[in-house]
Asks: 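Shown below is the structure under consideration.
Every chain is numbered from 1, with letters handed out A, B, ... down the list of sequences.
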Amino acid sequence: MPELPEVETTRRGLERLIVGRTIANLEIRERRLRWPVGNKVAAELEGRRIGAVERRGKYLLLNMEHGALLIHLGMSGSLRYLASPDAPRRHDHADLCLVGGGCVRFNDPRRFGSLHFAADPARHRLLKNLGPEPLGESFTADYLWASCRGRRVAIKQHLMNGRVVVGAGNIYATEALFRAGIHPRRAAGRISRGRLAILVARLRDVLADAVERGGTTLRNYVGTDGRPGYFKLELDVYDREQMPCKTCGTPIRRIVLGQRATFFCPCCQR
DNA sequence: AAAGACACCTGGGAGC
DNA sequence: TGCTCCCAGGTGTCTT
């Protein structure tokens, strides 16, 4: 579920609550996440102080002096802060317990999420090949244009490729293409530089708007305070098959690209 | 090297 | 009510 805006919303919520706090222990109830959580992870955290909460793509990093706890929320994960933890429920797989009380609880029904300890996060295998941040300075029209040269893959799949740019998941890639007026199936290498410049701008806009609204809640995403995100109200095409385009009234169409549902307006997007 | 298929897993909703 | 089937916000890995 969580794309960049949801992860960023979680990061901001967490930052406020746990920076400067010391970890008492990591209590793991279910080790079978996307990758088995080894004993090493918990052992590395005990007694360590959290210096910062950062985000790289859809990974959250709880930074400590000697490394970072890497958290990915997969498709269905969420983190909640509990000032006075109650009994864990179904799918509450881990608690990061803090000295002085309170914990960060990791819940993930589908278990596609992950927990790793990385002594050197930037060189960790899961992070080292990631492309630029879409809201950062290096994600420019020139960069995207260069990355598209010679590529015959559909622009939507190119945009969702984490080596090209991070954080653009199915919802926001879909929405950015609508805002940019580009057909999701158009070959990446056959889009003019000018139109790619517009796409860069619109992807930034849609992500920034969604962060502003606390992310998108379709099913079970909640922020650290347990509240949903409100960007669903602003979705122009995602999950709107057959409904009228908000610009021209043409029914929104649904196709499948790279085994992912894709929505677009056949009139506005070329 | 690039592109596509598949894998992991549970829950919710539609349809019968 | 209950069963079956399909779908879901991600992404690493394997195969062509």
Side-chain angles (χ1 to χ4, degrees), chain A residues 1-10 29-37 55-60 70-79 89-93 106-116 124-131 134 146-177 184-190 203 206-207 209-211 213-223 228-235 237-242 254-263:
Chain A
M1 53 114 173
E3 299 187 33
L4 186 148
E6 294 73 42
V7 179
E8 177 61 19
T9 298
T10 299
R29 284 177 289 270
E30 174 59 84
R31 294 183 177 278
R32 296 173 305 163
L33 301 185
R34 173 142 196 209
W35 288 281
V37 185
R55 179 186 58 71
R56 179 74 180 96
K58 296 170 194 164
Y59 288 90
L60 280 168
L70 236 61
I71 305 172
H72 197 289
L73 300 176
M75 289 275 264
S76 58
S78 60
L79 293 172
R89 305 199 174 120
R90 197 160 160 73
H91 307 306
D92 284 340
H93 303 315
F106 176 79
N107 178 286
D108 183 10
R110 290 176 75 178
R111 289 193 274 122
F112 287 173
S114 64
L115 299 174
H116 285 90
H124 191 274
R125 69 181 182 91
L126 295 173
L127 302 185
K128 65 180 180 188
N129 293 319
L130 294 180
S147 76
C148 287
R149 288 308 82 205
R151 300 298 199 90
R152 295 202 267 188
V153 70
I155 184 62
K156 189 208 174 204
Q157 289 167 271
H158 189 68
L159 217 50
M160 288 180 67
N161 178 351
R163 288 178 175 239
V164 174
V165 58
V166 295
N170 204 30
I171 293 179
Y172 301 109
T174 296
E175 292 293 316
L177 286 164
R185 196 144 52 191
R186 176 165 290 275
R190 299 198 53 222
L203 179 61
V206 74
L207 291 172
D209 288 353
V211 169
R213 302 279 188 290
T216 301
T217 296
L218 257 35
R219 287 163 193 84
N220 45 17
Y221 169 77
V222 291
Y230 295 95
F231 191 71
K232 186 177 196 304
L233 304 168
E234 328 257 329
L235 297 177
V237 283
Y238 187 85
D239 208 17
R240 294 195 65 241
E241 184 180 17
Q242 298 285 48
R254 178 188 190 275
I255 57 175
V256 174
L257 274 182
Q259 293 135 288
R260 316 282 280 158
T262 302
F263 303 86

Asks: Within less than 4.0 Å of OP1 or OP2 of C/dT11, is there a side-chain N or O belonging to A/His72?
Replies: yes
Asks: Taking B/dC8 as the reference, what is the distance to C/dT4 when you measure between their C1' atoms (whole Å, please)?
Replies: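 Per the computed distance, 22 Å lies between those C1' atoms.
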Asks: So which nucleotide from B/dA2, C/dG10, B/dG11 ends up closest to the side chain of A/Arg151?
Replies: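 It is B/dA2.
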Asks: Take A/Lys156 and A/Asn170, measure what side chain to side chain contact (heavy atoms under 4.5 Å, CB included) needs, and give me the verdict at the end.
Replies: CA-CA 9 Å; A/Lys156 189 208 174 204; A/Asn170 204 30; 2.4 Å; yes
Asks: Taking atom OG of A/Ser114 and atom CG of A/Leu70, what is their separation to the nearest 0.5 Å?
Replies: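 So the OG of A/Ser114 and the CG of A/Leu70 are separated by 7.0 Å.
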Asks: Expressed as a whole number of angstroms, how long is the span from A/Glu30:CD to B/dT10:C1'?
Replies: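 Taking CD of A/Glu30 and C1' of B/dT10, I get 12 Å after rounding.
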Asks: Rounded off to whole Å, could you give me the CG-to-P distance for the A/Leu257 and C/dA8 pair?
Replies: 13 Å
Asks: Let me spell it out: for each of A/Gln259 and A/His158, pick the nucleotide of DNA chain B with the closest heavy atom. Which residue's pick is nearer the 5' end?
Replies: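 It is A/His158, whose closest nucleotide lies nearer the 5' terminus.
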Asks: Counting only side-chain N and O atoms of A/Arg260, is one of them less than 4.0 Å from OP1 or OP2 of C/dG9?
Replies: yes
Asks: Apply salt bridge (Lys or Arg N to Asp or Glu O under 4.0 Å) to the pair A/Glu234 and A/Arg213, showing each step before the final yes or no.
Replies: CA-CA 9 Å; A/Glu234 328 257 329; A/Arg213 302 279 188 290; 2.8 Å; yes
Asks: Distance criterion of 3.5 Å, no angle test: do you see the side chain of A/Arg110 paired donor-to-acceptor with the base of B/dC9?
Replies: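 Flag set: donor-acceptor pair detected.
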Asks: Report the distance from atom CG of A/Asp108 to atom P of C/dG10, rounded to the nearest whole Å.
Replies: 13 Å
Asks: Is there a donor and acceptor pair, one atom on the side chain of A/Arg34 and one on the base of C/dT11, closer than 3.5 Å?
Replies: yes
Asks: Less than 5.5 Å between centroids and less than 30° between ring planes, does A/Phe112 satisfy that with C/dT11?
Replies: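 Here the ring of A/Phe112 and the base of C/dT11 are not stacked, as the 5.5 Å and 30° limits are not both satisfied.
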Asks: Taking only side-chain nitrogens and oxygens of A/Arg125, does any of them come within less than 4.0 Å of OP1 or OP2 of C/dT13?
Replies: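 Checking C/dT13 against A/Arg125, a side-chain N or O does come within under 4.0 Å of OP1 or OP2.
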Asks: Does OP1 or OP2 of C/dG9 have a side-chain N or O of A/Tyr238 closer than 4.0 Å?
Replies: yes
Asks: Aromatic rings A/His93 and A/Phe106: how do their planes relate, parallel, tilted or perpendicular, breaks at 30° and 60°?
Replies: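 If you compare the ring of A/His93 with that of A/Phe106, the planes turn out tilted.
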Asks: A/Leu60 has an atom CG; how far is it from atom C1' of C/dT11, in whole Å?
Replies: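 Between C1' of C/dT11 and CG of A/Leu60: 16 Å.
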Asks: A/Trp35 CH2 to B/dC9 P: how many Å, rounded?
Replies: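 Value for this atom pair: 13 Å.
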Asks: Does the side chain of A/His91 get closer than 4.0 angstrom to OP1 or OP2 of B/dG11 through an N or O atom?
Replies: yes
Asks: According to a strict under-4.0 Å criterion, is A/Arg163 in side-chain N/O contact with OP1 or OP2 of B/dA2?
Replies: no
Asks: Can you tell me the distance, in whole Å, between the CD1 atom of A/Ile171 and the P atom of C/dG10?
Replies: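 Taking atom P of C/dG10 as the reference, CD1 of A/Ile171 is at 7 Å.
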Asks: Counting just side-chain N and O atoms, does A/Arg111 come under 4.0 Å of either OP1 or OP2 of B/dT10?
Replies: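 Yes, such a contact exists.
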Asks: Can you tell me if A/Ser76 and A/Asp108 form a side-chain donor-acceptor pair at under 3.5 Å?
Replies: yes
Asks: C/dG9 and B/dA3: how far apart are their C1' atoms, nearest whole angstrom?
Replies: 23 Å
Asks: Using atom CD of A/Glu6 as one end and atom P of C/dA8 as the other, report the distance to the nearest whole Å.
Replies: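 Whole-Å distance recorded here is 16 Å.
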Asks: Assign A/Arg254 to base, sugar-phosphate, or nothing according to its heavy-atom contacts below 4.0 angstrom with the strands shown.
Replies: sugar-phosphate
Asks: Would the number of heavy atoms belonging to other residues, nucleotides or ligands and lying under 6.0 Å from CZ of A/Arg125 be above 12?
Replies: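 Yes, enclosed.
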Asks: So what does A/Gly169 hit on the nucleic acid, given a heavy-atom distance under 4.0 Å: a base, only sugar-phosphate, or nothing?
Replies: sugar-phosphate
Asks: C/dT13 pairs with which nucleotide, Watson-Crick or G-U wobble, both distances below 3.5 Å?
Replies: B/dA5
Asks: Would you kindly give the CG-to-P distance between A/Leu126 and C/dG10, to the nearest whole Å?
Replies: 16 Å
